[in-house]
Amino acid sequence: MLDKNKVKLGIAPIGWTNDDMPDLGKENTFEQCISEMALAGFTGSEIGGRYPKDQGILKKALSLRGIEICNCWFSAFLLTKPYGEVEKEFIDQVRFLKDMGAKVIGVSEQSYSIQGKDVPVFEGKYVMNEKEWKRLTDGLNRLGKAAREIGITLTYHHHMGTVIQTEEEIDRFMDSVDPELVFLLFDSGHCSFAGISPVKILEKYIGRTKHIHLKDLRTDVVKRAKEEKWSFLKGVRNGTFTVPGDGDVDFEPIFDLIGSRGYEGYVVVEAEQDPAVANPLEYAMKARNYIKEKTGL
Ligand SMILES: O=C1C[C@@H](O)[C@H](O)[C@@H](O)C1=O
Ligand SMILES: [Co+2]
């Protein structure tokens with residue numbers, strides 16, 4: 001059982017409109033997306049690319065449906081852009097989130113990322129050298145400090161096809177960053193896709209985790225992705241991910257850890273797949289029912 005005073009439940013718009021592949025869900029409007037989130041019983045959302053930039057319009061649309069913003073993805077380029085340039089863009093996003101009432105920002109280093117490229121996801125990933133490790137972790141500590149001064153916590157999203165993907169990379173990353181300034185954004189789907197036990201990662205780092213993405217994985221699709229050398233996005237298009245309870249990830253030990261180790265924050269269903277194949281409202285409801293059944297949330 002999860003305590004609703006500690007754990008809040010959200011859903012990401014990526015099941016309706018996919019910012020990585022804008023043709024997926026181009027027929028779905030922002031209003032439809034947030035209305036269906038509310039209809040399925042969710043009260044939190046992350047920012048999507050189709051959300052209005054005007055905060056007044058955004059706030060009104062969300063409050064009409066009883067939804068609050070809990071996070072936004074931020075692509076950092078600390079390895080390939082001057083620090084000042086990254087920080088400026090980051091601070092704008094942090095201020096925006098603060099004004100929207102969010103508590104965290106989800107950062108992912110996108111220098112050399114192959115997540116949007118037509119490269120086999122299991123073969124073409126970039127591996128950082130010593131200097132780059134230092135540049136990345138120093139840069140994130142600085143961003144984390146700047147965010148903290150504004151009242152937002154920096155969480156880092158490990159991700160397939162990026163410089164922080166493997167178990168060794170996650171461990172080295174967590175050993176290298178300042179635990180007061182940089183926290184983990186745990187994503188059950190990306191752990192599983194990378195061949196890492198999500199339970200093992202969460203067990204180690206739950207005390208340093210401030211945001212959670214719940215994604216399930218279809219292992220038969222992953223097998224094809226490996227054999228046929230698919231890119232990350234080709235995998236998504238073909239159903240690598242789905243909502244919790246619909247794939248092969250065992251969520252019960254994940255929910256147990258969230259409940260027993262005092263996690264406070266959002267758990268967000270984030271399950272990108274083709275909305276023309278997986279009806280977003282139907283899948284949001286499926287996720288909502290599964291989470292209710294397993295956690296009481
Ligand atoms: O948090 C995420 C944001 C998406 O843009 C990304 O590709 C997805 O897989 C994810 O985990
Ligand atoms: Co995620």
Side-chain angles (χ1 to χ4, degrees), residues 9-25 33 42 44-51 69-77 93 97 102 104-119 121-122 124-125 154-166 169-170 173 183-194 196 198 201-202 205 209-218 221-222 225 230-244 247 249 251 254 258 265-275 278 280 283 287:
L9 183 59
I11 189 162
I14 200 164
W16 283 264
T17 55
N18 190 318
D19 295 339
D20 300 334
M21 292 180 279
D23 67 301
L24 290 189
C33 171
F42 290 89
S45 169
E46 301 198 349
I47 297 278
R50 307 269 290 269
Y51 283 32
I69 292 299
C70 60
N71 175 38
C72 180
W73 170 277
F74 179 79
S75 294
F77 289 90
Q93 194 63 30
L97 280 171
V104 309
I105 183 166
V107 177
S108 169
E109 177 65 20
Q110 287 296 304
S111 300
Y112 311 118
S113 168
I114 57 160
Q115 81 185 64
K117 295 201 174 131
D118 194 13
V119 173
V121 67
F122 284 101
K125 168 198 150 11
L154 187 158
T155 63
Y156 188 86
H157 194 317
H158 59 95
H159 197 292
M160 284 298 285
T162 71
V163 289
I164 308 293
Q165 168 186 306
T166 68
E169 286 166 343
I170 295 173
F173 179 82
F183 294 81
L184 187 66
L185 191 166
F186 167 80
D187 187 314
S188 58
H190 282 280
C191 268
S192 309
F193 198 4
I196 313 168
I201 294 295
L202 201 57
Y205 300 119
T209 299
K210 296 277 188 202
H211 199 67
I212 292 178
H213 282 170
L214 298 176
K215 255 185 177 52
D216 210 334
L217 189 75
R218 295 186 177 101
V221 181
V222 175
W230 289 353
S231 66
F232 174 71
L233 294 182
K234 183 162 182 189
V236 169
R237 221 175 251 284
N238 284 282
T240 298
F241 297 127
T242 184
V243 294
V249 173
F251 280 94
I254 295 177
I258 293 172
Y266 261 96
V267 294
V268 174
V269 172
E270 195 214 33
E272 64 260 46
Q273 47 190 331
D274 184 348
Y283 276 75

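Counting convention: from 1, in listed order, for ligands and their atoms alike. If you read the sequence from its start, that first residue is 1, and numbering goes on from there.
- Scanning the protein for heavy atoms near atom 9 (O) of ligand 1, the closest one is Glu272 OE2, 2.5 Å.
- The nearest N/O/S atom of Glu270 to the Co ion (ligand 2) is OE1.
- One N or O on the side chain of Lys125 and one on the backbone of Thr162 form a donor-acceptor pair closer than 3.5 Å.
- Using a 30° and 60° split on the angle between ring planes, Phe173 and Tyr156 fall in the tilted class, from 30° to 60°.
- At least one donor-acceptor pair under 3.5 Å links the side chain of Asp216 to the backbone N or O of Val249.
- Within ligand 1, the atoms closer than 4.0 Å to a non-hydrogen atom of Phe232 are 7 (O), 9 (O), numbered from 1 in the order shown.
- Remark: the backbone N or O of Gly49 is paired with a side-chain donor or acceptor of Asp19 at under 3.5 angstrom.
- For atom 6 (C) of ligand 1, the nearest protein heavy atom (residue, atom name, distance) is His159 NE2, 3.1 Å.
- Within the 4.5 Å cutoff, side-chain heavy atoms of Ile258 are placed close to those of Val267.
- For atom 7 (O) of ligand 1, the closest non-hydrogen atom of the protein is Asp20 OD2, 2.7 Å.
- Of all atoms in ligand 1, listed by their number and element, those nearer than 4.0 Å to a heavy atom of His213 are 1 (O).
- Glu270 OE2, 3.2 Å is the protein heavy atom nearest to atom 3 (C) of ligand 1.
- When rounded to 10 degrees, the angle formed at the Co ion (ligand 2) by ND1 (His213) and OD2 (Asp187) equals 110°.
- In terms of modelled atom types and a separation under 3.5 Å, the side chain of His211 and the main chain of Gly265 share no donor-acceptor contact.
- For ligand 1, the atoms sitting less than 4.0 Å from at least one non-hydrogen atom of His157 are 1 (O), 2 (C), 10 (C), 11 (O), numbered in the order shown with element in parentheses.
- With a 4.0 Å cut-off on non-hydrogen atoms, Val236 does not touch ligand 1 at all.
- Heavy-atom distances between Asp187 and ligand 1 reach below 4.0 Å in at least one pair.
- With ligand atoms numbered from 1 in the order given, ligand 1 contributes 7 (O) to contacts under 4.0 Å with heavy atoms of Gln115.
- Of the N or O atoms in Trp73, none lie within a sub-3.5 Å distance of an N or O in ligand 1.
- Residues Ser231 and Lys117 form no side-chain contact, since every pair of their non-hydrogen atoms from C-beta on lies 4.5 Å or further apart.
- For His190 and His213, the distance between ring centers is not under 6.0 angstrom.
- A donor-acceptor contact shorter than 3.5 Å links the side chain of Thr155 to the backbone of Ile105.
- Contact annotation: Lys215 has at least one heavy atom less than 4.0 Å from an atom of ligand 1.
- Distance check for His157 against the Co ion (ligand 2): an N/O/S atom falls below 2.8 Å.
- When atom types are taken as modelled, the side chain of Arg218 and the backbone of Thr240 share no donor-acceptor pair closer than 3.5 angstrom.
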